[in-house]
Amino acid sequence: MTTENMKLSRRGFLGLGAAATAAAAAAGLAGCAPKTMAETGPAEPEGYTWETAPEPITEVDATEETDVVVIGGGIAGFSAACSAAEKGAKVVLLEKTGAGQFRGIDYGAIGGKLQLEAGIDLRDRKQDVLQEVLRWGDHRGDYRVVKAWVDHSAEALDWAADMLTNHGITIAPMPMEMQVIPDAWYEHYATDAFQIVPTDELIAEGGEAGYEPPFAIGWAKAFTAYAGELGVDVRFNTEALQLVQDEAGAVAGVVCEDKAGVTRIDAKAVVMATGGYGNDEEMMDAFIPGHAEDVHNISTPPHNTGDGIRMGAWVGGAIDEAPHCPMYFDEGVEGLEHMPSIPLTRQPWLYLNDLGERFCNEDMPYAFVCRAHNAQPRHMKWVFWDSKWEIDGPAMGMVVCKDFRSPLHNPEEIQQFIEEGTILSADTIDGLLAKMEGIDAETAKASIERYNELCAAGVDEDFGKRRQCLSSLTEPPFYGVHAGTTLLVTMGGLKINENQQVIDADAHPIEGLWAAGNCSGSFFFGDYPITISGASHGRACTGGRRAGQFAADRALGA
């Protein structure tokens with residue numbers, strides 16, 4: 001998988017592809033296979049593809065038996081598979097791509113050992129963190145499900161930290177100053193359990209393999225090795241097609257397909273860990289209204305097409321009600337369809353809309369910035385800064401993946417973007433505005449003059465931005481970009497209970513079926529709580545570990 005394929009434009013989504021569609025039809029799934037962004041428009045009147053289960057696949061090329069099947073080879077899936085195997089279960093892990101799928105930088109927990117070593121102790125603030133998750137989600141999340149992450153995250157991430165270290169991956173605590181803005185008007189929680197140290201070797205290897213960020217390959221290398229040591233049967237390039245149910249309705253296996261044919265694997269427990277649906281038009285239309293206008297580009301890997309959510313719904317699992325939670329980042333620079341994160345362009349500089357007007361306090365969490373510029377003409381913003389950026393940018397104190405850390409921030413890359421014209425530049429404000437197609441230059445010039453007055457006074461009377469973020473436009477050259485929203489991942493899915501069991505519309509567990517990671521729901525709603533660093537990956541690891549343990553217990557009769 002190349003880096004280019006990992007970064008997809010909203011205008012050019014990829015899905016399962018013709019080969020997978022043909023395979024589904026051959027297996028009796030025609031009309032029920034996931035539809036890709038290129039293939040569909042809004043849902044047909046007869047209903048969504050997850051609302052009606054296809055006929056069971058009965059003709060297979062082979063039949064096998066195991067204790068636990070895990071579907072999906074990301075952080076949730078590998079956590080589940082290894083945790084089940086640690087308990088003595090015979091485990092098969094199915095991953096439809098050719099390698100383990102890991103991404104991201106931050107892995108959230110409350111009370112992990114590396115946090116404590118760094119002097120960060122949130123153990124007496126568990127309720128505050130829990131309520132912050134629920135508040136961002138308009139209290140639509142299940143208190144018990146969120147509490148399970150809060151209570152079990154330290155154990156899970158400590159386990160993962162040991163696994164990484166034992167397999168040659170260097171990790172380190174995330175310092176407080178890289179997680180918290182002390183004088184921000186909103187509170188951050190320093191929940192990062194640890195970070196993988198981005199060595200030159202990992203960056204080179206991960207970049208070649210297409211991982212984003214490149215050092216995320218450390219997870220794949222370590223987990224794949226550990227799964228092998230535990231005897232997990234990891235099958236890459238193998239796609240799950242349909243769950244199997246017994247006469248009582250319990251999930252009893254899965255039908256999957258690889259180059260050798262179609263196989264039914266009978267199992268006593270199944271864990272769904274297939275990720276989100278950011279590259280499925282039908283689910284995006286149904287669960288993230290307005291995405292076609294609001295999302296400038298997509299960072300979701302092309303294989304995230306909601307497969308597991310459909311399979312779970314076909315056996316009676318309930319899906320979170322719309323709207324779902326999208327993970328929005330304010331990094332969609334126009335001209336970069338395959339989006340690298342450029343922290344420089346994401347700082348709280350001056351933002352203007354096409355009318356040339358300032359429209360928000362630029363110093364807001366990512367999702368709030370995106371909501372603000374999505375309400376503007378063209379659902380985007382113009383970002384302005386000047387030659388003082390190397391001093392003024394770091395002084396703003398941005399944290400997590402918006403700070404100027406390496407390798408996300410690369411001065412050589414910045415210079416290349418300037419030379420290529422992706423970052424617009426000029427020696428005068430008039431010259432810069434002349435390069436900005438669609439902006440009202442006269443009003444914009446007046447807005448810049450007003451903004452410079454506020455910066456000189458040191459008080460933002462208009463929008464209340466922090467003093468540290470008032471960087472004037474006074475020293476040439478001047479710079480700007482046209483930027484919108486990037487969708488990283490979707491975060492709604494199959495409803496679960498506090499034990500990671502998939503539940504039906506009446507909140508009864510679907511026997512034999514668990515879910516973890518971004519195909520599971522009941523947790524995030526509204527917007528992603530970026531104030532709780534690493535909550536997404538921390539939930540995936542914690543939920544995957546617990547799901548694998550519960551699945552093994554059922555399979556082994558514990």
Side-chain angles (χ1 to χ4, degrees), residues 104-161 173-195 320 325 327-329 361 363-369 371 397-403 464 466 491-492 496-500 516-518 520-543 545-546:
I105 301 170
D106 306 294
Y107 313 96
I110 297 95
K113 62 184 181 183
L114 268 71
Q115 285 180 347
L116 298 176
E117 290 175 9
I120 301 170
D121 190 353
L122 294 174
R123 290 175 295 182
D124 63 349
R125 300 207 63 191
K126 287 185 175 181
Q127 185 62 217
D128 295 334
V129 174
L130 195 161
Q131 291 296 336
E132 181 78 344
V133 173
L134 295 174
R135 183 178 69 83
W136 275 74
D138 306 320
H139 284 267
R140 293 174 61 204
D142 189 316
Y143 180 101
R144 298 160 296 183
V145 174
V146 179
K147 187 175 186 297
W149 168 67
V150 168
D151 288 343
H152 297 280
S153 59
E155 185 277 329
L157 271 297
D158 285 350
W159 167 79
M174 186 78 82
M176 178 77 77
E177 59 268 22
M178 293 176 66
Q179 301 189 61
V180 173
I181 305 174
D183 54 355
W185 56 270
Y186 52 94
E187 184 173 8
H188 292 84
Y189 296 86
T191 45
D192 248 316
F194 55 81
Q195 59 180 327
D320 288 334
C325 175
M327 187 186 286
Y328 282 163
F329 271 24
N361 178 339
D363 180 27
M364 296 191 292
Y366 316 164
F368 297 171
V369 169
R371 297 294 180 183
M398 294 294 103
V399 295
V400 195
C401 47
K402 203 167 182 173
D403 69 14
R466 284 186 296 132
M491 311 201 75
I496 58 172
N497 63 19
E498 64 269 29
N499 295 324
Q500 302 292 139
N518 287 340
S520 68
S522 305
F523 196 104
F524 295 115
F525 290 90
D527 284 304
Y528 178 67
I530 197 63
T531 52
I532 305 170
S533 184
S536 174
H537 291 107
R539 176 183 80 127
C541 180
T542 304
R545 179 156 173 76
R546 299 185 75 236

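The first residue in the sequence is number 1, and the count goes up from there.
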Worksheet item: How are the rings of Phe329 and Tyr366 set relative to one another: parallel (under 30°), tilted (30 to 60°) or perpendicular (over 60°)?
Response: perpendicular
Discussion item. With heavy-atom distances below 4.5 Å as the criterion, would you say the side chains of Asn518 and Phe523 are in contact?
Written reply: no
Discussion item. Does the Lys NZ or Arg CZ of Arg125 fall within the cation-pi geometry relative to Tyr189 - under 6.0 Å from the ring centre and within 45° of the axis?
Written reply: no
Practice prompt. Taking the side chain as every heavy atom from C-beta outward, state whether Phe524 and Met327 have any pair of such atoms under 4.5 Å apart.
Written response: no
Worksheet, complete the sentence: When rounded to the nearest 0.5 Å, the distance separating CG of Asp527 from CZ of Arg135 is 11.0 Å
Item to complete: Report yes if the side chains of Lys402 and Ile530 come closer than 4.5 Å at any heavy-atom pair, otherwise no.
Response: no
Worksheet item: Could you go step by step and tell me if His188 and Ile181 meet the side-chain contact (heavy atoms from CB on, under 4.5 Å) rule?
Response: CA-CA 7 Å; His188 292 84; Ile181 305 174; 3.7 Å; yes
Item to complete: Evaluate the side-chain proximity of Asp158 to Glu155: yes if any heavy-atom separation is below 4.5 Å, no if none is.
Response: no
Discussion item. Nearest 0.5 Å, please: how far is OH in Tyr528 from OG in Ser536?
Written reply: 5.0 Å
Response to the item:
Correct closest heavy-atom pair for Ala109 and Ser153 would be CA-OG, 3.4 Å
Response to the item:
Residues Ile496 and Val145: closest non-hydrogen pair is O-CG2, 3.5 Å
Worksheet entry | Under 3.5 Å: donor-acceptor pair, side chain of Gln115, backbone of Asp192 | yes
Practice prompt. State, yes or no, whether a side-chain contact exists between Asp151 and Lys126 at a heavy-atom distance under 4.5 Å.
Written response: yes
Worksheet item: Which distance, rounded to the nearest 0.5 Å, do you find between the OG1 of Thr542 and the OH of Tyr107?
Response: 13.0 Å
Discussion item. Measuring from atom OG of Ser533 to atom CE of Met174, what distance do you get when rounded to the nearest 0.5 angstrom?
Written reply: 5.5 Å
Worksheet item: What heavy-atom pair brings Gly104 and His537 nearest, and what distance separates the two atoms?
Response: CA-CE1, 3.5 Å
Discussion item. To the nearest 0.5 Å, what is the distance between OG on Ser520 and CG on Asp320?
Written reply: 8.5 Å
Worksheet entry | Straight-line distance of Ser522 OG to Tyr143 OH, nearest 0.5 Å | 16.0 Å
Item to complete: For residues Gln195 and Pro173, report the shortest heavy-atom separation together with the two atoms involved.
Response: NE2-O, 3.6 Å
Discussion item. Test side-chain contact (heavy atoms from CB on, under 4.5 Å) on Leu116 and Arg123; report intermediate values, then the result.
Written reply: CA-CA 10 Å; Leu116 298 176; Arg123 290 175 295 182; 4.0 Å; yes
Worksheet item: Can you tell if the side chain of Leu130 reaches within under 4.5 Å of the side chain of Trp149, non-hydrogen atoms only?
Response: no
Worksheet entry | More than 12 heavy atoms of other groups within 6.0 Å of Lys147 NZ | no
Worksheet item: Just wondering, more than 12 heavy atoms not from Arg144 lying within 6.0 Å of its CZ?
Response: no
Fill in: Nearest non-hydrogen partners of Asn361 and Gly464, listed with the distance
ND2-O, 3.3 Å
Worksheet entry | Heavy-atom closest pair, residues Pro365 and Trp185 | CD-CZ2, 4.4 Å
Worksheet entry | Trp136-Glu132 side chain donor-acceptor pair, cut-off 3.5 Å | yes
Worksheet item: Charged N to carboxylate O below 4.0 Å: is that the case for Arg140 and Asp138?
Response: no
Worksheet item: Quick one: are Arg545 and His152 in side-chain contact, heavy atoms under 4.5 Å?
Response: no
Worksheet item: How about Val146 and Arg539: do any of their side-chain heavy atoms sit closer than 4.5 Å?
Response: no
